[in-house]
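First comes the structure, then the notes that go with it.
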Amino acid sequence: MYDITLIPGDGIGPEVIDSAKQVIEATEIDMNWDIVNAGADVYAKKGILVPDEVFKSIERNKMVLKGPITTPIGCGFRSINVLLRKKYDLFANIRPVKKIKGIETPFKNIDLVIFRENTEGLYSGIEVKEQEDEARAIKVITKKASLRIIKEAFEYAQKNNKEKVAVVHKANIMKLADGLFLDCAREVAKSYPHIELQEVIVDNMCMQLVMNPSKYEVIVTTNLYGDILSDLCAGLVGGLGLVPGANIGRDMAIFEAVHGSAPDIAGKNIANPTAVILSGAMMLNYLGENKRSKLIVDAVERTIEEGKYVTVDLGGTASTTEMTKAIIQNLVD
Ligand code: NAD
């Protein structure tokens, strides 16, 4: 029996989280879902963005499956997501991006994983407005945080027989901050002589990824570049509805899709549930439930390849509910 904190979130969150819950339960795993919520909806109802019970549940279970959250402007919080990642030191944001058969994309081979530093960089929350017409955002790069995310990327590459790790930076301009991140990558790479370190400047990386993404296997980068490259890579494989993610710390993890609460399609039962379902599969893998995780991934891939029950973003006409049912059907067959 696993105790899991389940946070439905805002917008399409409750719809896609419900799909993921159903699919995970179809693997006949014994789950005790501790359902708590945070975000704009909770704020509108209770006047509080993250009720205490959310923190308590996360701290008790240490394992979270989460829907996207909207942080309303003027509520005193910069971002609930950034807050959770920093509060629980979830330093590694891991986002696998893989081409799924059945989706038309310009590239045949895309199979890469982005390791995004999740606790500092330009998301450190240090912004100052010294005068009416001048604002500053401070980018924080520390050796400690850089080394641990880069090591995580190299360890992943080693375990998964990858030959290359690309460090993405802008050290040619930000010589001190990004220079430190790049130096850390060079230092870590020395311990993995069989893995090639690719050093790529972020603007060049954007071009390389849209021209020849199969050149890359593992990407490690700072917080903001990782955020932007994740969405870019999602676009390469068919959109934000497909890419899962994990925020990993030393003894705690939050699994969530790369996408946000998609207010433009919320409540219409048309959101693609794949990204959150695959985030659930990543969670099962993390828990050591590798067989069940693979069952889910295979069922999702089969459903998309069949193409009969896929959502509008993938060129289909199925609702979220219909696609979820088809995935469950493929899973149990
Ligand atoms: P978004 O990811 O919500 O949406 C971008 C586009 O992708 C929209 O057109 C949307 O319809 C589409 N899309 C996203 N997910 C989809 C899915 N599952 N199926 C089909 N289409 C999908 O990004 P946004 O509009 O920039 O952000 C909306 C809100 O979400 C903001 O408040 C933002 O702060 C929040 N957000 C939260 C998280 C998180 O909780 N981890 C992440 C990103 C954004």
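In listed order, ligands and their atoms are each counted from 1.
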Can you report which non-hydrogen protein atom sits closest to [atom], along with the distance?
atom	result
atom 28 (C) of ligand 1	Pro263 CD, 3.7 Å
atom 9 (O) of ligand 1	Asp264 OD2, 2.9 Å
atom 44 (C) of ligand 1	Gly260 CA, 3.3 Å
atom 21 (N) of ligand 1	Ile265 CD1, 3.6 Å
atom 32 (O) of ligand 1	Thr70 CG2, 3.4 Å
atom 33 (C) of ligand 1	Ile69 O, 4.7 Å
atom 16 (C) of ligand 1	Ile12 CD1, 4.0 Å
atom 5 (C) of ligand 1	Leu240 CD1, 3.8 Å

| query | Taking Asp34 as the fixed residue, which of Arg60, Lys62, Lys56 is the one that meets the salt bridge (Lys or Arg N to Asp or Glu O under 4.0 Å) rule? | reply |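 Going through Arg60, Lys62, Lys56 one by one, the salt bridge (Lys or Arg N to Asp or Glu O under 4.0 Å) with Asp34 is satisfied by Arg60 alone.
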| Within 6.0 angstrom of Lys325 NZ, more than 12 heavy atoms from elsewhere |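 Open: at most 12 neighbouring heavy atoms sit under 6.0 Å from NZ of Lys325.
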| Met207, CE: over 12 other non-hydrogen atoms inside 6.0 angstrom |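 Yes, CE of Met207 has more than 12 neighbouring heavy atoms, counting only those of other groups under 6.0 Å.
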| Counting from 1, what ligand 1 atoms have a heavy atom of Pro68 closer than 4.0 Å? |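 Listed by number with element, the hits are 39 (C), 40 (O).
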| said: Within ligand 1, which atoms have a heavy atom of Asn81 less than 4.0 Å away? | reply: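 Those qualifying, in numeric order: 37 (C), 38 (C), 39 (C), 40 (O), 41 (N).
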| So which heavy atom on Glu155 is nearest to which on Tyr192, and how close? |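 Heavy atoms of Glu155 and Tyr192 come nearest at OE2-OH, 2.6 Å.
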Please report whether ligand 1 has a polar contact with [X], defined as an N or O pair separated by less than 3.5 Å (distance criterion only).
X	answer
Ala257	no
Ala262	yes
Thr71	no

| query | For ligand 1, does Pro273 get within less than 4.0 Å through its side chain, its backbone, both, or neither, judged by non-hydrogen atoms? | reply |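 Within the 4.0 Å criterion, Pro273 makes no contact with ligand 1.
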| message | Side chain, backbone, both or neither: which applies to Asn272 and ligand 1 if a contact is any heavy-atom pair less than 4.0 Å apart? | response |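 Within the 4.0 Å criterion, Asn272 contacts ligand 1 through backbone and side-chain atoms alike.
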Polar contact flag, side-chain donor to acceptor under 3.5 angstrom, [X]-[Y]:
X	Y	result
Asn61	Asp3	no
Asn290	Arg292	no
Thr142	Glu120	yes

| message | With side-chain contact (heavy atoms from CB on, under 4.5 Å) as the criterion, how do Lys291 and Leu284 come out once you've worked through the C-alpha distance, each side chain's angles and the decisive distance to 0.1 Å? | response | CA-CA 9 Å; Lys291 271 193 187 158; Leu284 293 193; over 6 Å; no
| request: Measure from NZ or CZ of Lys87 to the centre of the six-membered ring of Phe55, then state whether that distance is under 6.0 Å and the direction lies within 45° of the axis. | output: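 The answer is yes, since Lys87 meets both limits relative to Phe55.
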| Pick from Lys268, Lys66, His259: the one approaching atom 15 (N) of ligand 1 most closely through a non-hydrogen atom |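 Considering heavy atoms of Lys268, Lys66, His259, the nearest to atom 15 (N) of ligand 1 sits in His259.
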Should the pair [X]-[Y] be classified as a salt bridge under the 4.0 Å nitrogen-to-oxygen rule?
X	Y	result
Glu199	Arg186	yes
Lys66	Glu256	yes
Glu289	Lys294	no

| field | Closer than 4.0 Å: a protein non-hydrogen atom to atom 24 (P) of ligand 1 | value |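 It does not; no protein heavy atom is within 4.0 Å.
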| Sub-4.0 Å protein heavy atom next to atom 36 (N) of ligand 1 |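 It does: a protein heavy atom is found less than 4.0 Å away from atom 36 (N) of ligand 1.
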| message | Tell me whether Val16 reaches ligand 1 (any heavy atom closer than 4.0 angstrom to a ligand atom). | response |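 Checking ligand 1 against Val16, which is what was asked, there is no heavy-atom contact under 4.0 Å.
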